There are 2 protein chains.
Amino acid sequence: MDTALDRAVRVFRERGYHATSIGDLTAAMRLATGSVYKAFRDKHAVFLAAFERYVALRQEQTRNAAAKGTNGRERLRHVLLSHVEHSQGSEGRRGCLVVGSAVELSALDPMVGARVNAQLKTNENFIAGLIREGQADGSIPAHVEADDTARLMICITQGLRVVGKARLPLDGERLVGVAMKLLA
Amino acid sequence: MDTALDRAVRVFRERGYHATSIGDLTAAMRLATGSVYKAFRDKHAVFLAAFERYVALRQEQTRNAAAKGTNGRERLRHVLLSHVEHSQGSEGRRGCLVVGSAVELSALDPMVGARVNAQLKTNENFIAGLIREGQADGSIPAHVEADDTARLMICITQGLRVVGKARLPLDGERLVGVAMKLLA
DNA sequence: TTGATTCGGAAACAATCATTCCCTATTATC
DNA sequence: GATAATAGGGAATGATTGTTTCCGAATCAA
């Protein structure tokens, strides 16, 4: 069932919510229509479950990237680098469910809207935490405004997904190199 | 007719392409179904026309913002400020057609995909131009990598629209203040 | 082996979608 | 002033949508 949900994640990432028919879903999940409706109340419930699964997976990947660094600044650098890599190439063209939900559903679907809003704040807090960590260990100057910088970095990560989906090439080292100036 | 197209822009910005029925369109445009199909070949053609109109309008607004500055750095600062303002509040919740098209259609609709890609490059070139202008007039250091910085700034502007649509508050002065570090 | 129960699959359902067709005004032309 | 031509409006159409229902197969207990 989890593998079927993974396949649903993939379809929703590629096609978005409205362009995904339940025919597309059953084909991707290798399940019959009846089976999908046995497991979920409706299409919306499938999407919500897919969203949660995607977010959990991405969060784990981001923590793993952070763990590669040895201090706050390096951890943040690896997080940004990870975001660029995931926004690029075929993975980038597949799209991000958070960005997709924010753009396509957030305004008209209060449930998704609240969930997206909360997730962005979670991500922002994680970055702000890394900045404060860097300030504590001396790798990031104390005068850096952690909250403002974190919010701008969230904009960068979300924007990367948009630009990556639009097939502009993204060079991780170069872009992150520039972005790290925000910590000066 | 142009006023009807403006209303179409508004609906597409709020609801996206797939969630906008032609019933929504006729209601917003104050036109009957037949009249819409007299003026445009199909829904897709309405969207393309709305897209072009939106892009033209936004481009004009951005040039006006740039004109407020007296040198390259100040022009760029006003452009970024303008992007934050448009990403915020009710205007921000209405959404951006470029971002919406990139996320919802770019991957499956080659026509829209090419158009979005080209538009992002145009915007990027405009920003890169402002950076070089600043380097020529001495307001921006010569060691700044114009192309990489412009690409990152495009990520910021697109990300702002995502974050704004998700109802996170955006403080123009603070965010732009941080972003200007990229020109150090 | 038999009975009950759970699970997946395909056909049927109503609703909604984009699109077309036809009719009615309104304008312009002769 | 009559007529042709055009633009706009709304009902009809066929396809597709999300959802439900019903049926068969497989699993487990007795």
Side-chain angles (χ1 to χ4, degrees), chain A residues 1-54 95 97 100-101 103-113 115, chain B residues 1-54 95 97 100-101 103-113 115:
Chain A
M1 170 54 61
D2 265 0
T3 135
L5 199 53
D6 280 328
R7 292 197 252 257
V9 168
R10 190 170 154 156
V11 183
F12 279 129
R13 286 178 61 191
E14 286 170 352
R15 311 182 63 87
Y17 180 77
H18 290 292
T20 301
S21 73
I22 92 117
D24 295 329
L25 272 177
T26 57
M29 297 170 89
R30 281 96 176 263
L31 253 48
T33 16
S35 307
V36 171
Y37 278 87
K38 280 253 169 52
F40 302 94
R41 192 159 39 79
D42 54 15
K43 179 183 167 184
H44 195 257
V46 182
F47 182 81
L48 253 44
F51 182 90
E52 293 305 327
R53 183 159 181 82
Y54 174 79
L97 258 194
S101 304
V103 172
E104 197 188 351
L105 299 173
S106 197
L108 295 103
D109 186 328
M111 198 146 204
V112 174
R115 194 62 196 78
Chain B
M1 171 54 63
D2 265 1
T3 135
L5 198 53
D6 280 328
R7 291 197 253 256
V9 168
R10 189 168 154 159
V11 183
F12 279 129
R13 286 178 60 192
E14 286 170 352
R15 311 183 62 88
Y17 180 76
H18 291 291
T20 301
S21 72
I22 91 117
D24 294 329
L25 272 177
T26 58
M29 298 170 88
R30 281 96 175 263
L31 252 50
T33 8
S35 307
V36 171
Y37 278 86
K38 276 259 167 50
F40 303 94
R41 191 160 39 80
D42 54 14
K43 179 183 167 184
H44 196 257
V46 182
F47 183 81
L48 253 43
F51 182 90
E52 293 306 327
R53 185 159 180 82
Y54 174 78
L97 259 194
S101 303
V103 172
E104 198 189 349
L105 299 174
S106 196
L108 295 102
D109 186 330
M111 197 146 206
V112 174
R115 194 60 196 78

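Chain naming here is simple, since letters A, B, ... match the order of the sequence lines and numbering starts at 1 in each. Not measured: the values here are computed from a predicted model. When reading the values below, keep in mind they use all heavy atoms of this one structure, side chains included, and skip hydrogens, waters and symmetry mates.
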Can you name the atoms? Protein N/O to nucleotides 13-20 of chain C N/O, anything below 3.5 Å, with the distance.
unit_1	atom_1	unit_2	atom_2	d
C:dA18	OP1	B:Thr20	O	3.3
C:dA18	OP1	B:Lys43	NZ	2.8
C:dA18	OP2	B:Ile22	N	2.6
C:dT19	OP2	B:Tyr37	OH	2.6
C:dT19	OP2	B:Lys43	N	3.0
C:dT19	O5'	B:Tyr37	OH	3.3

Tell me: CZ of A:Phe47 to P of D:dG18, nearest whole Å? 14 Å

Grab the CZ-C1' distance between A:Phe40 and D:dG18 for me, whole Å please. 16 Å

Could you give the distance from CZ (B:Arg30) to CG (B:Leu25), rounded to the nearest 0.5 Å? 13.5 Å

Is the shortest side-chain N/O distance from B:Ser35 to OP1 or OP2 of D:dG9 below 4.0 Å? yes

Can you tell me if A:Ser106 uses its side chain to pair, donor with acceptor, with the backbone of A:Val103 under 3.5 Å? no

Do the rings of A:Tyr17 and A:Phe12 sit parallel, tilted or perpendicular, given the 30° and 60° boundaries? parallel

Quick one: salt bridge (charged side-chain N to carboxylate O under 4.0 Å, His left out) partners of B:Asp24, sequence neighbours excluded? B:Arg15

Answer yes or no: are there more than 12 heavy-atom neighbours, outside A:Arg10 itself, under 6.0 Å from its atom CZ? no

